[in-house]
Amino acid sequence: MILTFPVNMKIVIVGGSGFLGTVLLQNLSKRKIRSVSLSRKRPHANARWVPIESYSFIRSKLRVESPDVVINASALASHPSCARNPSMA
């Protein structure tokens, strides 16, 4: 599936430093689409980074950023963490 967005859109990727978020941000950057990564770590892609401090922090930052689109690419990727916290997996 190919997603197309108008160039003037602003897209926020939650989890932009993970595998999926990185691929999304790289593709958005190639298409010159404004993108912001909300993530714990700095993303590997060319995007503005807003470090996540807490879950409630995400909500407040989304209000500030006022994006046209939000893509949630966040995940709990550690197998031991998933086993300890199945509801978070």
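- For the side chain to side chain contact (heavy atoms under 4.5 Å, CB included) test, residues two or more places apart in sequence or in another chain that qualify with S35 are L25, L28, A47.
- Taking CD1 of I33 as the reference point, atom CG of N27 lies at 9.5 Å (rounded to 0.5 Å).
- Side-chain heavy atoms closer than 4.5 Å link hydrophobic residues (I, L, V, M, F, W, Y) into clusters, and following such links, possibly through other members, connects L24 to M9.
- When all heavy atoms of F57 and P51 are compared, the pair lying nearest together is CE2-O, 2.9 Å.
- With sequence neighbours excluded, the residues forming a side-chain hydrogen bond (donor to acceptor under 3.5 Å, both in side chains) with K10 are E65, listed by chain and number.
- Taking CD1 of I71 as the start and OG of S37 as the end, the distance is 11.5 Å to the nearest 0.5 Å.
- Residues meeting the side-chain hydrogen bond (donor to acceptor under 3.5 Å, both in side chains) test with N72, sequence neighbours left out: S74.
- Scored by the side chain to side chain contact (heavy atoms under 4.5 Å, CB included) test, L62 finds V12, L38, I58, P67, V70 as partners (sequence neighbours excluded).
- One hydrophobic cluster, built from ILVMFWY side chains closer than 4.5 Å, cannot hold both V23 and V69; they sit in different ones.
- Across all non-hydrogen atoms, the minimal contact from S39 to G16 is CB-N, 3.7 Å.
- W49 and I11 are assigned to two separate hydrophobic clusters, defined by single-linkage of ILVMFWY side chains at heavy-atom distances under 4.5 Å.
- Not one N or O on the side chain of R42 forms a donor-acceptor pair closer than 3.5 Å with the backbone of S17.
- The minimum heavy-atom distance linking I13 with A73 is given by the pair CG2-CB, 4.1 Å.
- Residues meeting the side-chain hydrogen bond (donor to acceptor under 3.5 Å, both in side chains) test with S56, sequence neighbours left out: S54.
- With sequence neighbours left out, the side-chain hydrogen bond (donor to acceptor under 3.5 Å, both in side chains) criterion links R84 to S81.
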